[in-house]
Amino acid sequence: MTNLVEFGTPAAMPPSERRLLLVFDGGNAPGYASVAVALTEEASRRGYEVWAATEGFRSLTPDATNEPRFERLIVSRRERYALLAKGIPARSMGRRVLDAGSDFRSERYLGFHDAQNRRAAAETLRTQGFSHLVGVGGNGTFEGLRALLGEISPRVPTGFVNVSIDNDLAGDRAIGFLSGVEAGATIARGLYEDAYTHKRIYLLEMMGNRSGRHALHCGVAARAHLIVLPFFQFPEAVLRETAAALSQADYALVVVAEGYERERRAREMPGASASEFLRRQLEAAGLVDSAQKRVIAEPFSRYLRGVRPAFLEISAAYVKASLLFDAFEEGRTEIMPFVLASNDVGVRPFHLIAREDRVERAFLPLLARLQIPGFSTWIRDNFTSEKTSL
Ligand SMILES: Nc1ncnc2c1ncn2[C@@H]1O[C@H](COP(=O)(O)OP(=O)(O)OP(=O)(O)O)[C@@H](O)[C@H]1O
Ligand SMILES: O=P(O)(O)OC[C@H]1O[C@](O)(CO)[C@@H](O)[C@@H]1O
């Protein structure tokens, strides 16, 4: 087949002082598309020419695999036709606000850890004439954006919108977190009902490689009997007591975060999921899987990736976009808009943003619903300090 269209690049457009590039990266989360729509609408209203990288950071480097590397984002269909007629790849965003998934991603790009590729990305930003830059994603994407900034000279006004199921940046509620918990807790509660029906023990692995918040809130809401956070390393005595309590339970749901004993698993049981690893630990400690009483490890699931965002996430996406562009207008840069509650909103400078893997202390007593005094003591002694909880 012949290549009928040679796509125009941002550089082919007349120069603009308001040429904004959106870069989406990291794990998919409900609300990713809503943020794309909100940023496009709010920026267009303020006179920006909005572009998106079609496969995240990768599009800015020689490792780009997708053409065109940049798409112009607009709100109205008419504008789209006008741009297409000039050979400019354009996507009309108006109707995508509820979409699951994202149009602007590919697999994660580890090459961005290499400074040479980030230098190439900085050069692409310059040659394509981007005057403003906004990254969208979770903690890793934020790190990638900061690393990229280190290669840009002079820097351009830059912002970041926090979208992630993990919700692992302090001082914000990531878009996607609420919807992720809603979908995750629905799955967890379904397994709870199944455990009750068949008198089983389910060990359900949930998202959270390093952050425990998704597993925590899903587990508490689904009334899980036990919640295992990613940074736990159980002492033998606690495992034995937990295995004994589960053996005596009529039925139980245990929620275990994906990152539980990640390094030890890689060493001792390569390929085993967190839930399977925990199952074997509990088995060694006396919890027996039998035909009468099944002990079932559910492997890591990505089912909640495809859910549409809750409307509260969409309103947060709009207010974050609005706060961000207002801040740009005020001459501020390297900022992240935050939304914690309706009136608890604002923008934070990048240098005050930190990764947050701790969980809120008030939730710690809710980790175990079974009577496991040793577990509760271990939690109190190890996880209630400033260092380990909020
Ligand atoms: N320290 C870093 N230096 C340079 N680039 C980075 C760095 N950390 C992450 N990146 C880039 O950011 C991308 C996204 O990172 P990561 O997958 O950790 O995302 P995230 O936004 O935290 O989402 P999730 O937690 O769902 O995976 C990586 O694929 C990589 O391209
Ligand atoms: O499903 P993927 O793309 O492998 O991503 C896994 C990542 O997603 C999360 O589970 C949630 O974003 C992270 O904790 C984890 O690192």
Side-chain angles (χ1 to χ4, degrees), residues 22-32 35 53 55-65 100-102 104-122 124 133-152 160-170 172 174-181 183-184 187 204-218 228-231 255-260 262-263 265-266 273-275 299-307 309 336 350 353-357 359:
L22 308 180
V23 181
F24 299 81
D25 219 298
N28 182 17
Y32 227 31
V35 170
E55 41 180 9
F57 290 126
R58 183 191 289 271
S59 300
L60 298 164
T61 75
D63 291 332
T65 56
S102 171
F104 311 110
R105 282 300 318 285
S106 64
E107 194 43 271
R108 288 185 183 75
Y109 175 50
L110 296 182
F112 216 59
H113 288 263
D114 180 343
Q116 202 180 323
N117 289 322
R118 296 199 302 271
R119 279 197 285 280
T124 304
L133 173 65
V134 173
V136 181
N139 165 71
T141 307
F142 179 61
E143 290 306 322
L145 186 66
R146 296 247 284 191
L148 171 58
L149 277 176
E151 307 295 342
I152 304 177
F160 174 74
V161 180
N162 182 19
V163 178
S164 120
I165 281 173
D166 289 337
N167 194 28
D168 54 358
L169 288 176
D172 182 32
I175 289 165
F177 176 63
L178 290 181
S179 316
V181 168
I187 293 167
L204 169 63
E205 182 164 330
M206 307 206 71
M207 284 195 173
N209 201 356
R210 287 189 285 178
S211 163
R213 286 186 170 149
H214 174 77
L216 172 72
H217 288 277
C218 291
V228 178
L229 298 177
F231 42 85
V255 162
V256 48
E258 161 201 0
Y260 170 64
R262 188 163 27 117
E263 278 140 32
R265 266 190 287 143
S273 66
S275 56
F300 178 59
S301 90
R302 292 180 174 80
Y303 300 138
L304 49 92
R305 291 290 203 206
V307 302
M336 175 186 82
F350 280 5
I353 300 172
R355 182 185 179 99
E356 185 60 87
D357 289 332
V359 298

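Counting starts at 1 for both ligands and their atoms, following the listed order. We count residues from 1, following the sequence as given. Please read these numbers as outputs of a predicted model, since none were measured by experiment.
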To the nearest 0.5 Å, what is the distance between [atom1] on [X] and [atom2] on [Y]?
X	Y	atom1	atom2	result
Phe177	Leu169	CZ	CG	12.5 Å
Leu216	Asn167	CG	CG	11.0 Å
Ser211	Ile165	OG	CD1	11.0 Å
Glu55	Thr65	CD	OG1	3.5 Å

Atoms of ligand 2 less than 4.0 Å from [X] heavy atoms?
X	result
Arg108	2 (P), 3 (O), 5 (O), 7 (C)
Gly208	10 (O), 14 (O)
Arg302	1 (O), 2 (P), 4 (O)
Met207	10 (O), 11 (C)

What's the shortest heavy-atom distance between [X] and [Y], and which atoms?
X	Y	answer
Ile175	Ala29	O-CB, 4.5 Å
Ile353	Met336	CD1-CB, 3.4 Å
Leu304	Gly180	CD2-O, 4.0 Å
Phe160	Gly138	CZ-O, 3.4 Å

Point to revise | Under 3.5 Å: N/O of Glu143 near N/O of ligand 1 | key: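 No - when backbone and side-chain N and O of Glu143 are compared with those of ligand 1, no distance drops under 3.5 Å.
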
Practice item. For a ring-ring contact (aromatic ring centres under 6.0 Å, His included) with Phe57, tell me which candidate from Phe104, Phe112, Phe24 qualifies. Key: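 Passing option: Phe112.
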
Hey, looking at [atom], which of [options] has the closest heavy atom?
atom	options	answer
atom 24 (P) of ligand 1	Gly137, Gly208, Gly27, Ala115	Gly27
atom 14 (C) of ligand 1	Asp166, Asp25, Asp168	Asp25
atom 1 (N) of ligand 1	Arg108, Arg58, His113, Arg146	His113

Exercise for review: Check each heavy atom of Glu258 against ligand 2 and say whether those closer than 4.0 Å belong to the side chain, the backbone, both or neither.
Suggested key: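 The answer is the side chain.
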
Exercise for review: Answer with side chain, backbone, both or neither: which part of Arg210 has a heavy atom less than 4.0 angstrom from an atom of ligand 2?
Suggested key: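 No part of Arg210 comes within reach of ligand 2.
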
Considering heavy atoms of the protein only, find what lies nearest to [atom] and give residue, atom and distance to 0.1 Å.
atom	answer
atom 22 (O) of ligand 1	Gly140 N, 2.7 Å
atom 16 (O) of ligand 2	Asn209 CB, 3.5 Å
atom 6 (C) of ligand 1	Gly144 CA, 3.5 Å
atom 2 (P) of ligand 2	Arg305 NH2, 3.3 Å
atom 11 (C) of ligand 2	Asp166 OD1, 3.2 Å
atom 29 (O) of ligand 1	Tyr109 N, 3.1 Å

Practice item. Starting from the C-alpha separation in whole Å, work towards a yes-or-no answer on side-chain contact (heavy atoms from CB on, under 4.5 Å) for Leu22 and Val35. Key: CA-CA 10 Å; Leu22 308 180; Val35 170; over 6 Å; no

Please list, in number order, the atoms of ligand 1 under 4.0 Å from a heavy atom of [X].
X	answer
Gly138	20 (P), 21 (O), 22 (O)
Gly26	14 (C), 17 (O), 19 (O), 20 (P), 21 (O), 23 (O)
Phe112	4 (C), 5 (N), 31 (O)

Review point. What residues, two or more places apart in sequence or in another chain, satisfy side chain to side chain donor-acceptor pair (under 3.5 Å) together with Asp166?
Key: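 Counting only residues at least two positions away or on another chain, Asp166 forms no side chain to side chain donor-acceptor pair (under 3.5 Å).
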
Practice item. Any pair with a residue in residues 109-120 that passes side chain to side chain donor-acceptor pair (under 3.5 Å), sequence neighbours left out, goes on the list, sorted by first then second residue, please. Key: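 For residues 109-120, and leaving out neighbouring residues, the side chain to side chain donor-acceptor pair (under 3.5 Å) pairs sorted by first residue read Thr61-Tyr109, Asp63-Tyr109, Tyr109-Asn117.
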
Check your understanding: With a 4.0 Å heavy-atom cut-off (strictly under), which part of Phe57 contacts ligand 1: side chain, backbone, both or neither?
Key ->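 Side chain only.
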
